[in-house]
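One structure, pasted below without further comment.
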Protein chains: 2
Amino acid sequence: MPSPQKTNPPKKRSAIPRKKGPHKKLTREKILEAATKVFAEYPYHSASIRMIGKAAGIEHPLINYYFPTKALLFEEVLKISTEKYYIANISWFEGLTKFDPEKGLALYIDRFLDFALKHPKVQRIITLNLVPAEQSNIIPGYQLIQNFFEKTTRTFTQAVPLKGSKHEIVMLITSFNTLAVNYLGARTYYAGILGMEPGSHQYMEWVKDSLIYMILPRLKQLLGETDR
Amino acid sequence: MPSPQKTNPPKKRSAIPRKKGPHKKLTREKILEAATKVFAEYPYHSASIRMIGKAAGIEHPLINYYFPTKALLFEEVLKISTEKYYIANISWFEGLTKFDPEKGLALYIDRFLDFALKHPKVQRIITLNLVPAEQSNIIPGYQLIQNFFEKTTRTFTQAVPLKGSKHEIVMLITSFNTLAVNYLGARTYYAGILGMEPGSHQYMEWVKDSLIYMILPRLKQLLGETDR
DNA sequence: GTTATTTTTTACCGATCGTTAAAAATCTTA
DNA sequence: TAAGATTTTTAACGATCGGTAAAAAATAAC
């Protein structure tokens with residue numbers, strides 16, 4: 001990365017073009033959309049600026065005009081994705097305390113899976129780049145992923161009144177996140193060993209079953225069932 | 001991949017060189033060792049033949065002399081790694097039935113973590129390439145990873161007499177594998193969000209605690225405790 | 001010790017990568 | 001419509017990639 005900076009920032013024409021026509025999407029947004037698509041298919045180091053350019057229907061150097069480096073573009077995509085996820089995650093807890101642990105967990109997972117179906121790219125970008133971000137092979141902005149998980153953990157502890165130790169709560173949430181991120185971000189793999197289709201309703205049901213099966217016992221306990 | 005084949009296979013001198021000296025390592029083994037190291041640091045598409053050559057202390061085209069393509073070299077490394085893991089995994093079950101579920105699980109995890117500490121590369125190669133092997137971005141020999149997990153599942157069901165349905169058993173084993181693979185293969189990430197050092201005893205203790213915490217309730221149940 | 005064979009190195013191919021610079025096209029403003 | 005600013009394309013740079021071919025070195029066979 002030898003370049004400091006090249007020209008002044010984009011500075012869109014004059015404020016806003018605003019045509020009455022079918023709201024022609026701004027180039028910057030078009031690039032972000034294409035980048036999200038490509039980064040959801042290929043890990044950071046395998047995705048290329050040229051792929052993104054092609055997906056956006058533009059020549060690839062134009063990307064450098066709006067995003068000086070590939071790393072900055074990726075960070076922007078990651079920031080948008082984790083924020084979208086974070087906001088959605090908060091809403092999944094709404095009204096959950098009215099139900100018993102089993103019903104509440106099932107409802108939470110339903111909402112979560114619904115989001116995952118509608119926004120598969122968000123999930124996959126995180127899954128794809130979480131593991132390789134180790135050692136020598138640094139993924140730009142992977143701190144964002146760590147921050148994201150810390151924030152969702154906070155959301156959880158604030159939304160659900162648990163009685164166990166901090167240690168127990170962290171183990172439970174980390175397990176849930178790990179299982180969820182893998183089952184949804186590596187669908188092809190898991191569906192493969194299960195003999196199912198990655199996009200099938202059957203597989204999503206398996207994910208739901210599995211999450212409930214593994215999480216429910218300890219969740220019940222942490223919610224204060226004293227019958228242990 | 002345009003090349004069909006170049007020359008006849010290696011065909012080591014005449015059978016075996018066998019010097020009485022300090023057992024000079026054969027080049028092929030040196031390459032495999034270096035490849036294992038590099039593939040444990042970088043996912044398949046980011047690792048390069050040149051990196052492996054450098055790690056082995058040879059010029060990179062020599063690698064093509066022993067392994068015609070990068071894909072074949074990777075498959076060989078993957079095959080050796082999963083086999084080593086598979087063999088070790090069988091031994092972890094020895095004598096476990098003498099103990100109650102809690103002690104037995106703890107002992108199994110101890111043996112497993114001991115292996116993971118001694119052979120971190122094996123674990124990491126699997127973790128690094130499991131997720132990206134989706135969609136367009138094919139990892140050569142990733143069928144080996146699927147087969148490996150199917151085999152370990154068989155080992156488990158044969159070694160441990162469980163009473164639940166097949167569905168329950170699959171969910172439990174898949175969860176265990178997923179958590180273990182992630183916690184050990186993505187140590188830096190998890191240790192990071194936990195505020196620990198990836199190589200520390202403290203982190204390994206957390207992994208053990210977490211696995212027991214999440215697995216034990218359902219394991220107890222499947223082992224036939226009727227007090228549920 | 002000479003020849004034949006195997007192993008290793010050197011040099012290079014075409015392809016792709018991220019990025020840069022300059023030309024061309026488009027839009028804004030007058 | 002002319003001048004100026006902004007956006008987009010074209011062309012190219014240096015670096016790296018997997019792989020190939022031929023020369024060089026090392027070893028084996030005789």
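Please read these numbers as outputs of a predicted model, since none were measured by experiment. Proteins come first, then strands; the chains are lettered A, B, ... in the order of their sequence lines, and each starts at number 1.
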key: Expected output: side-chain A:N129 to main-chain A:I125 donor-acceptor under 3.5 Å   =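 Side chain of A:N129 to backbone of A:I125: a pair is present.
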
key: Per B:I49 side chain, nearest of listed nucleotides C:dG18, D:dG18, D:dA21   =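 The answer is D:dG18.
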
key: Protein-nucleotide distance (B:H60, atom NE2; C:dA11, atom C1'), rounded to Å   = 10 Å

task = Tell me what A:A47 touches on the nucleic acid: a base, only sugar-phosphate, or nothing, going by heavy atoms under 4.0 Å.
result = sugar-phosphate

inquiry  = Distance check needed: C:dC17 C1' versus A:I63 CD1, whole Å only.
reply    =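 Distance check: A:I63 CD1 to C:dC17 C1' gives 13 Å.
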
task = To the nearest Å, give me how far apart CZ (B:R50) and P (C:dC12) are.
result = 14 Å

message = Could you check, using the six-membered ring where one of them is a Trp, whether A:F39 and A:F74 have ring centers closer than 6.0 angstrom?
response =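 Ring centroids of A:F39 and A:F74 are less than 6.0 Å from each other.
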
Contact under 4.0 Å: B:S48 side-chain N or O vs D:dT16 OP1/OP2 = no

inquiry  = The side chain of A:M51 is closest to which nucleotide in this list: C:dG18, C:dC17, D:dG19?
reply    =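 Nearest listed nucleotide: C:dC17.
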
query = Does the gap between the ring centers of A:Y86 and A:F148 come in under 6.0 Å?
reply = no

query = Can you check the B:F74 CZ to D:dC17 C1' distance for me, whole Å?
reply = 17 Å

inquiry  = From OH of B:Y65 over to P of D:dA24, roughly how many Å is that when rounded to an integer?
reply    = 18 Å

task = Please state whether the phosphate of C:dT7, meaning OP1 or OP2, lies under 4.0 angstrom from any side-chain nitrogen or oxygen of B:T27.
result = no

task = Assess the pair B:Y190 and B:W206: is the distance between their ring centroids shorter than 6.0 Å?
result = no

task = Starting at atom NE2 of A:H45, determine the distance to atom P of D:dC17, rounded to an integer number of angstrom.
result = 12 Å

request  = For B:L62, report the nucleic acid contact type (base, sugar-phosphate, nothing); a contact means any heavy atom under 4.0 Å.
outcome  = base

message = Would you say the ring centers of B:F156 and B:F176 fall short of 6.0 Å from each other?
response = no

A:E59 side chain, from C-beta outward: closest of D:dT8, D:dG19, D:dT10 = D:dT10

key: Euclidean distance, atom CG of residue B:N64 to atom C1' of C:dA11 [Å, nearest integer]   =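 Going from B:N64 (CG) to C:dA11 (C1'), I get 15 Å.
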
ask   = Whole Å only: how far is the CZ atom of B:F67 from the C1' atom of D:dG18?
value =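 Computing the B:F67:CZ to D:dG18:C1' distance gives 16 Å.
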
